[in-house]
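Atoms within a ligand are numbered from 1 in the order they appear, just like the ligands themselves. All residue numbers in this chain count up from 1 along the given sequence.
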Amino acid sequence: MKKGSFTLLLFTCLLSRHNLFAQQQADLETAFRQINAEVLSHSEAYVRLGESIQQIGHRLTGSPNGAKAEQYVFDLLKAYGFEEVAFQPFAINGWARESLDLRVGSPGNLQPVKAVALASTPVSAQVSGELVDMGNGLESDYAANPERAQGKIVLAALHLLPNSPQGTKNLHRSAKAALAIKYGAKGIILFNSVAGGTLLTGTASITGDLLTIPALCVGLEEGNRLKARIAEGRQEATIEMKNKAGKMQARNVIARITGSELPNEKIVVGGHLDSWDLSPGAVDNGLGAFSVLDMARTFMALGIKPKRTIEFVLFMGEEQGLLGSKAYVQQAMSNGTLDQIRFMLNFDMTNDPKGFYATLEGNRALFEEIGHSAARIDTTFKGTFSATAGLYSDHQPFMLQGIPTGGADGSTLSREALNCYHADCDVFELVNEQQMKNTVRFCSMLVYGLANTNEIPVKRLSDAEVKQLMVDNNLEEALRLGGDWRWD
Ligand SMILES: [Zn+2]
């Protein structure tokens, strides 16, 4: 080949590549405009979340309410026109509260105190003893006087006390319960930092096994009152609790659009449907779950035929330890389809985001292309990108298998909403319709962009690369605590 014709060929190639890119860009923006208009005028995210809360209430995994929520979502996806909607059942060691009676006072004069049991506490417990103030309930609090909690009932702060020494690192409630057991306590009462008698729940078990001692939560004012009384003189407590625990069933709900060109490449779009039982979980995770549902509705309403297969997945069991997403990944491993998952997007408490994130820096160019196209449609969306890896939601089991994960970044959550995390005040009034619409339209664009791009640059990581990613993101200790560190 002569030099001249090579240059000409190269030039033609570059030109056609450029045209192709420009064409792709134009197609993307056309699709984004349609998504934008559809969501702004027909989004059902807000009304369906409100309706489900009214009809069902909380969505605790394994409970009758949880089963109703699974069915509600299944029926809704069918009504949106999905031909392929399926339940994915899995067994769990479920837990549900039955009764709790806490009494505290000076000897001979014990008075009832409003409290809730933390999840994974014993099926039946009846303990009484002296109440001792263990500060923040951290190792250092016990180490100062290792005998102090022996045979007693511990009172400790769930969030760090205001006067804690600078740099004190707090522990998860389950770690605090484990420490109380380690130092011989008969029970533990945690008080939170949210004013107004708010009660919080969540699991008290690191491993998922039932605890050997009762663990409960009381409100901030009650906690401070008890601390003051312990300082004045001996206080005693009795705890009587009954809970239900055992094998229960839950179901993820999966709706699928088969890809037109790359049916064996899959984008999983997930959010957990389950909630705790003290409230309807409007924010955690009504926001994410009903946004995912409305993304699914949007794709159906527009008749989008993506290149890659998209699976919209409503997970159950997230709150008990990512049980639904673990079951999903387990099943994909056992039927040999795990490698088909090219990306997992997770939406947990996502609200009015301003950009996107992914676990790996290698996704930057693609995510920025999608983000900037979205930002051109509406400049209130910034289309920023950050590479970050974290834990404790349904992307985790995928990420630990090396699958690229990501989602929305820069969510807007009010102080009120954050205070009601896992609390009895996580109610529908905290939800903002326009902000939910924003979640749905921009995240639908991300889904569309990933499902239709010619090439997703980042491939599944090897085992060694996953380990390095966890180390680089400082996640080793947390994974060890949760029993998920497999590189020893
Ligand atoms: Zn959540």
Side-chain angles (χ1 to χ4, degrees), residues 45 49 52-53 56-63 65-66 69-70 73 92 95 118-120 158 172-174 192 194 198 200-205 208 250 252-253 268-295 312-329 344-353 357 388-399 405-414 416-428 430-431 435-436 439 443 478 482 484:
L49 173 55
S52 80
I53 286 174
I56 301 166
H58 73 73
R59 302 177 298 280
L60 182 73
T61 303
S63 72
N65 272 38
E70 294 157 0
V73 161
I92 61 156
W95 181 93
L118 295 178
S120 299
L158 178 64
H172 190 256
R173 68 184 99 77
S174 56
N192 66 66
V194 184
T198 302
L200 308 179
T201 189
T203 182
S205 164
N252 297 329
V253 183
V268 173
V269 183
H272 74 88
L273 177 65
D274 66 305
S275 72
W276 283 112
D277 58 343
L278 294 184
S279 74
V283 169
D284 185 13
N285 181 33
L287 283 181
F290 284 79
S291 294
V292 167
L293 281 167
D294 204 53
M295 290 181 222
F312 297 96
V313 187
L314 284 307
F315 295 109
M316 293 296 285
E318 193 269 355
E319 300 291 6
Q320 287 75 10
L322 318 179
L323 303 179
S325 48
K326 282 180 179 168
Y328 180 103
V329 167
M344 194 280 174
L345 298 174
N346 186 51
F347 299 97
D348 192 353
M349 295 172 68
T350 311
N351 192 52
D352 196 14
Y357 85 95
T388 168
L391 301 177
Y392 307 128
S393 190
D394 289 313
H395 64 291
Q396 181 180 321
F398 294 83
M399 183 177 72
T405 63
D409 198 25
S411 275
T412 314
L413 285 168
S414 64
E416 237 187 323
L418 291 170
N419 278 344
C420 292
Y421 177 65
H422 287 185
D424 52 1
C425 53
D426 184 357
V427 294
F428 189 56
L430 295 172
V431 177
Q435 292 179 345
M436 249 187 132
T439 308
C443 296
D484 285 314

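- For Asp348, the N/O/S atom at the shortest distance from the Zn ion (ligand 1) is named OD1.
- Looking at His272, its N, O or S atom nearest to the Zn ion (ligand 1) turns out to be NE2.
- Aromatic ring orientation, Tyr328 versus Phe398: tilted (interplanar angle from 30° to 60°).
- You'll find the side chain of Glu318 stays beyond 4.5 Å of the side chain of Asn285, heavy atoms only.
- In this structure, the separation between OG on Ser279 and CZ on Arg59 is 8.5 Å, given to the nearest 0.5 Å.
- Interatomic distance, Cys420 SG to Asp284 CG, rounded to the nearest 0.5 Å: 11.5 Å.
- Contact annotation: Glu319 places no N, O or S atom under 2.8 Å from the Zn ion (ligand 1).
- The atom of Asp284 nearest to the Zn ion (ligand 1) is OD1, with the search restricted to N, O or S atoms.
- Glu318 lies apart from the Zn ion (ligand 1) in this respect, since none of its N, O or S atoms is found at a distance under 2.8 Å.
- The minimum heavy-atom distance between Ala282 and Ile53, with the atom names listed, is CB-CD1, 3.9 Å.
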